[in-house]
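Have a look at the structure below before the remarks.
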Amino acid sequence: MGNPMTAISRMLWNSHKRTKDTVTFANVRSELSAAEAVSELPKGEAVPRKTEKARTGGSEEKNQKDAYSLTQLIGLLLGPVLFFSIIFLLPLPGLSPEGRAVLAITAWIAAWWITEAVPLGIASLMPLILLPVMGAVDGATAASAYGDSLIFLFIGGFALALALEKWNLHERIALTVISAVGTSTSGLVLGFMLATGFISMWVSNMATVMLMIPIGTAIIAKVVTLMKEDNVYSQEEETKFTKAIIFAIGFGGTIGGSATLIGTPTNLVLAGLAKELLGIDISFATFFAFAFPLIVLLMIFGVFYITKIAYPMNVKKITNGRSFVLERKKELGKMSYEEKIVLSIFAFTAFMWLSRTFLWQDIIPGLSDTMIAMVSAVMLHAIPASKENGGRILEADSLKNMPWGVLLLVGGGLALAAGFNGTDLAGWIGGQLLSLEGASYLLILAIPTLLATGMTQVAPNTATVTILLPIVAALALAIDVHPLPVMTAVAMGAGFAFMLPIGTPSNAIIFATGKITMVDMLKKGSWLTILAFMLIILFVYFVLPLVFGINQYEYPEALK
C-alpha cells in the first residue's frame with residue numbers, strides 16, 4: 001500500500017489544479033486555441049491528433065478520472081460503519097432507541113458531509129430515508145423541513161444575486177467603491193476588501209470572489225505598469241502588492257458574508273435551527289444590527305494587518321492609480337434600464353428587510369423576511385427587459401442556477417434538528433455535557449466556538465454548523481444558560497475559515513491563482529482567525545444580549 005500522505009498530497013494538488021483551471025478558464029482557452037488551429041488548416045486537411053484532443057476537451061483523460069478520491073472513499077465507508085456501530089455496539093445508557101437512531105443517522109450524514117463522499121445536496125436527502133425507517137420521525141415531518149420558510153428566503157436572496165450578475169451591476173458597485181478610496185496602494189487594498197465584503201453580504205462568497213479576482217488581477221497589472229513608469233518598481237513591491245490584493249479579495253468575501261442572514265449558509269442554518277429547536281425567529285434586521293459592527297471591526301483590522309504588518313509597501317502612492325478604475329467605469333457607460341430596475345429592487349428589498357421589525361410589522365399583517373424576498377423574486381421574473389435585450393430581467397432558466405445543493409443541505413439540517421427535537425437525544429447529550437457545569441460563562445462560549453473554528457478550516461462550514469448547533473443547544477439546556485448566544489458564537493466561528501484552501505470556496509479560488517502559497521495562507525490566515533475568535537466571544541458576551549433583549553445566564557422557562 002502506498003504512503004497515505006502521498007495520496008492525500010496528490011489529491012489536494014489535483015483539486016488545486018482543477019480549481020485553477022476553472023478560475024483561469026483553461027478549458028475555454030484550450031478550445032479557442034484548438035479552434036484557431038483548425039481554422040488555419042488548408043481545406044480538406046485532417047485535424048492533427050493533438051489539436052483534436054484539445055478541441056474535444058481531453059475526453060479520453062476525463063474518462064479515466066477516479067470515481068472517488070482517497071478521502072471520499074474513506075468517508076463513504078466510514079458513514080455506514082459509524083451508523084451501525086452506534087446502533088448495535090456503542091453503549092449509550094439512558095438513551096432511547098429513537099434517540100440512538102437519530103444520533104447514528106447524524107454520524108453517518110456528518111461523515112459524508114465532511115468528506116464530501118457524495119454531493120452535499122444528495123447526502124442531505126438521507127434524513128428523508130433514514131429518519132422514517134428507524135422510527136425516529138415520521139416521513140411528513142422529515143419532508144416538511146425541506147419546505148421551511150427559510151429555504152425560500154435563501155431562494156429570494158439568490159434571485160437578487162443572479163440579477164446582479166446577469167446585468168453586471170455587481171461590477172459597477174465594486175468599481176464605485178474602489179474608485180472612492182484614493183490613489184494609495186493601501187487605499188486600493190481597502191477598496192477591494194470593502195467592495196468584496198459589501199457584495200458578499202448579498203451574493204454568495206464564492207460568486208463574489210470569482211467576480212473580483214479578474215478585476216483585481218487587471219488592476220495589479222496596471223499598477224505594476226504605473227510603478228515602472230514612476231521608476232519605483234521592484235520585484236518585492238510587485239509581490240507584496242499582488243498578495244495584498246489577493247488576500248483582500250479572499251478575506252473580504254469571507255468576512256462580509258457573515259454580516260447578513262443570506263450572506264452565508266451558516267447564518268441561514270443558525271436562523272433555521274433557532275426557529276426549529278427554540279422557536280426563536282431571528283429577523284434580518286436584528287441579526288444585521290449584531291453582526292455588522294463585528295464585521296466592520298474585523299475588516300478594519302484585516303486591512304491594517306495586510307498593509308502594515310503582512311505586506312508593508314515602500315511605494316505608498318501610485319500616480320494616476322485611480323485612472324484605471326475610472327477608465328473601466330467609463331467603459332461600462334451609463335447605467336442601463338435593466339441595471340436601474342435591479343438596483344431599485346435590490347434597494348427596496350434591503351430597506352424592507354432592515355425596517356420590517358420596527359416599521360412594517362404592525363402595518364402589513366404576516367410580513368416576514370421570506371415574504372419580502374419572494375416579492376422581489378417575483379418582480380425580477382415579471383418585469384420586462386428593454387426592447388434591445390428582449391425577455392425579462394430574469395428568465396425561467398435562472399432556476400437552473402439556484403444553489404439547490406446548499407438549499408437541500410439546509411433542509412437536511414432542519415430535518416435532523418426535528419429528529420433531535422422529537423426524541424430524547426438533545427436532553428441526553430446535554431446530560432453528558434454536564435462536566436462543563438460550574439465553568440465560567442466565557443469558557444462555555446469559547447470551547448464550542450473554538451471547536452467550530454477549528455473544524456471549519458478542514459470541513460465544509462455549513463456541515464460543521466449543522467452538526468454542532470443542536471449539540472450546543474442541548475449543552476445550554478443542561479447548564480441552564482440561554483442557548484442563542486452559544487449557538488450564534490458557533491455559527492459565526494464556523495463562518496470564518498481563513499487558513500487553508502479547503503476551508504471555503506473563496507480560499508480555494510484565491511489559492512488557485514498561483515499568487516499565494518499554502519504557507520502564506522497558514523501564516524496570514526492564522527492571525528485573522530485568532531482575532532475573529534476573540535471578537536466573536538466579546539460581541540456575543542456584551543452586544544448580543546442587548547440587541548436581542550435576552551438574559552444570557554438563564555435558559556428561558558418557555559423553551560424548556
Side-chain angles (χ1 to χ4, degrees), residues 12-26 165 170-171 174 177-178 185-186 188-201 203-224 238-258 263-264 295 298-299 301-307 309-311 313 453 456-461 495-529 531-532:
L12 290 174
W13 173 252
N14 290 336
S15 176
H16 159 67
K17 185 178 184 302
R18 287 194 299 271
T19 306
K20 183 175 181 179
D21 288 345
T22 300
V23 173
T24 58
F25 301 101
E165 294 172 14
H170 54 350
E171 183 177 0
V177 173
I178 294 169
T185 51
S186 297
L188 286 170
V189 174
L190 172 63
F192 270 101
M193 182 166 277
L194 290 178
T196 309
F198 177 76
I199 296 173
S200 67
M201 292 181 188
V203 181
S204 75
N205 299 349
M206 182 177 67
T208 303
V209 174
M210 286 285 284
L211 154 74
M212 296 300 293
I213 282 293
I215 301 174
T217 52
I219 288 182
I220 289 168
K222 183 63 176 179
V223 167
V224 168
E238 178 183 351
T239 300
K240 287 181 179 179
F241 183 70
T242 299
K243 291 185 177 183
I245 292 294
I246 296 298
F247 273 123
I249 293 172
F251 290 167
T254 301
I255 295 170
S258 295
T264 179
I295 297 310
L298 191 55
M299 281 201 170
F301 175 85
V303 172
F304 176 82
Y305 173 70
I306 290 172
T307 58
I309 300 175
Y311 302 110
M313 296 189 63
T453 304
T456 198
Q457 307 300 327
V458 295
N461 53 15
F496 294 134
F498 302 113
M499 296 168 59
L500 293 171
I502 59 175
T504 65
S506 300
N507 289 357
I509 291 168
I510 63 172
F511 181 68
T513 63
K515 305 294 185 182
I516 56 177
T517 66
M518 182 77 74
V519 175
D520 290 331
M521 293 202 73
L522 281 171
K523 287 183 177 179
K524 308 311 180 286
S526 295
W527 288 107
L528 203 59
T529 300
L531 179 81

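- Sorted pairs that involve residues 248-257 and meet side-chain hydrogen bond (donor to acceptor under 3.5 Å, both in side chains), not counting sequence neighbours, are lacking altogether.
- Looking at Leu528 and Leu298, their side chains come closer than 4.5 Å, going by heavy atoms from C-beta outward.
- Across Ser186 and Thr307, no two heavy atoms sit closer than the pair OG-CB, 3.8 Å.
- Heavy-atom minimum distance, Ile306 versus Val189: CG2-CG1, 4.2 Å.
- Every residue two or more places apart in sequence or in another chain that forms a side chain to side chain contact (heavy atoms under 4.5 Å, CB included) with Thr517 is listed here: Val519, Asp520.
- Using a 4.5 Å cut-off on side-chain heavy atoms (C-beta onward), Leu188 and Phe241 make contact.
- Put simply, the side chain of Ile246 reaches to within 4.5 Å of the side chain of Ile213, judged on heavy atoms.
- When the ring-ring contact (aromatic ring centres under 6.0 Å, His included) test is applied to Phe247, the partners found at least two apart in sequence or on another chain are Phe251.
- The two residues Ser200 and Gly253 make their nearest non-hydrogen contact at OG-O, 3.2 Å.
- Atom CG of Leu531 is separated from atom CZ of Phe304 by 11.5 Å, given to the nearest 0.5 angstrom.
- Nearest heavy atoms, Asn507 versus Ala497: ND2-O, 2.8 Å.
- Between Met201 and Gly256, the closest heavy-atom pair is CG-O, 3.4 Å.
- Contact detail for Phe496 and Ser258: the closest heavy-atom pair is CE2-OG, 3.5 Å.
- Ring orientation note: the planes of Phe301 and Tyr305 are close to parallel, at an angle under 30° on the 30°/60° scale.
- Rounding to the nearest 0.5 angstrom, the gap separating the CD1 atom in Ile245 from the OG1 atom in Thr242 is 8.5 Å.
- Every residue meeting the side chain to side chain contact (heavy atoms under 4.5 Å, CB included) condition with Lys240, not counting sequence neighbours, appears here in chain and number order: Glu236, Glu237, Tyr311, Met313.
- Applying the side chain to side chain donor-acceptor pair (under 3.5 Å) criterion to Lys515, with sequence neighbours excluded, gives no partner residue.
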